[in-house]
Enquirer: 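What follows is a structure written as structure tokens; I'll ask about it next.
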Amino acid sequence: MSTPKDIHEYLAEFDDIPGTRVYTAARARKGYHLNQFAMSLMKAENRERWKADERAYIDEWPITEDQRQAVLDRDYNRLLDLGGNIYFLAKVFSTDGLSFLQAVSTMTGMSVEDYQAMMIAGGRSPEGQRSIKEHR
């Protein structure tokens with residue numbers, strides 16, 4: 001039987017998965033207000049206020065300037081790093097009229113068509129995708 005790891009050591013291993021951001025409690029805490037902002041877009045009146053003046057609307061939320069700028073830039077990968085949850089962030093890209101497929105393809109650097117074809121074919125191969133550290 002192996003010795004149990006320190007929880008911080010264990011959680012740090014999640015950061016070694018290429019192209020993946022595991023939504024941990026730390027990320028949830030970091031992104032709480034960001035995700036609340038995104039969820040506010042479920043209401044039509046909030047979507048209209050957002051569309052009318054994005055900066056004014058987002059400035060009402062107690063989020064970091066990095067989070068604000070990532071939202072305004074629609075940098076979904078950065079938003080995940082800053083505590084965003086993809087299912088909450090879907091409210092942002094849905095408000096922009098994008099499908100989940102369209103938004104997620106922007107996170108891969110692939111065209112929508114290429115991303116869709118890859119996913120229909122079974123997704124990205126796990127070969128060579130197991131560890132960031134091993135491929136440095």
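For the numbers below, each heavy atom of this structure counts, side chains included, while hydrogens, waters and symmetry mates do not.
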Enquirer: If you look at every heavy atom in Arg78 and Ala70, which pair is closest and at what distance?
Expert: CG-CB, 3.8 Å
Enquirer: State the CE-CG distance between Met39 and Leu34, to the nearest 0.5 angstrom.
Expert: 12.0 Å
Enquirer: Between Ser40 and Phe37, is there a donor-acceptor pair closer than 3.5 Å when you use the side chain of the first and the backbone of the second?
Expert: yes
Enquirer: Any side-chain hydrogen bond (donor to acceptor under 3.5 Å, both in side chains) pairs touching residues 24-33, not counting sequence neighbours?
Expert: none
Enquirer: What distance do Lys91 atom NZ and Trp50 atom CH2 have between them, rounded to the nearest 0.5 Å?
Expert: 15.0 Å
Enquirer: Using only atom types and a distance under 3.5 Å, with no angle test, would you say the side chain of Asn35 pairs donor to acceptor with the backbone of Gly84?
Expert: no
Enquirer: Report the residues that fulfil ring pair (Phe, Tyr, Trp, His ring centres under 6.0 Å) with Tyr23, sequence neighbours left out, ordered by chain and then residue number.
Expert: none
Enquirer: Is the side chain of Gln67 donor-acceptor paired with the backbone N or O of Leu82 at a distance under 3.5 Å, no angle test?
Expert: yes
Enquirer: Provide the full list of salt bridge (Lys or Arg N to Asp or Glu O under 4.0 Å) pairs with a residue in residues 39-52, sequence neighbours left out, each pair given once.
Expert: Arg49-Glu60
Enquirer: Could you check Leu98, Val112, Asp114 and say which one makes a side-chain contact (heavy atoms from CB on, under 4.5 Å) with Ser105?
Expert: Val112
Enquirer: Looking at Leu41 and Asn46, what are the two nearest heavy atoms and their distance?
Expert: CD2-O, 4.0 Å
Enquirer: Gln36 vs Ile63, test: side chain to side chain contact (heavy atoms under 4.5 Å, CB included). Steps then yes/no.
Expert: CA-CA 10 Å; Gln36 291 299 303; Ile63 63 177; over 6 Å; no
Enquirer: With a 4.5 Å cut-off on side-chain heavy atoms, are Glu54 and Leu72 touching?
Expert: yes
Enquirer: Return each pair, listed once, that meets ring pair (Phe, Tyr, Trp, His ring centres under 6.0 Å) where at least one residue sits in residues 67-88; pairs must be two or more places apart or across chains.
Expert: Tyr76-Phe93
Enquirer: Look at the side chain of Gln116 and the backbone N and O of Glu113, then say whether any donor-acceptor pair between them is shorter than 3.5 Å.
Expert: no
Enquirer: Kindly say whether Trp61 contributes a backbone atom to a donor-acceptor pair with the side chain of Arg68 at under 3.5 angstrom?
Expert: yes
Enquirer: Rounded to the nearest 0.5 Å, how far does CG of Asp75 lie from OG1 of Thr106?
Expert: 8.5 Å
Enquirer: Looking only at non-hydrogen atoms, find the nearest pair between Asn85 and Leu80 and report the distance.
Expert: C-CD2, 4.4 Å
Enquirer: Any chain of hydrophobic side-chain contacts (each under 4.5 Å) joining Leu101 to Leu79?
Expert: yes
Enquirer: Identify, with sequence neighbours excluded, every residue that meets salt bridge (charged side-chain N to carboxylate O under 4.0 Å, His left out) alongside Glu9.
Expert: none
Enquirer: Name all residues meeting the salt bridge (charged side-chain N to carboxylate O under 4.0 Å, His left out) criterion together with Asp96; count only those two or more places apart in sequence or in a different chain, and write none if there are none.
Expert: Arg74
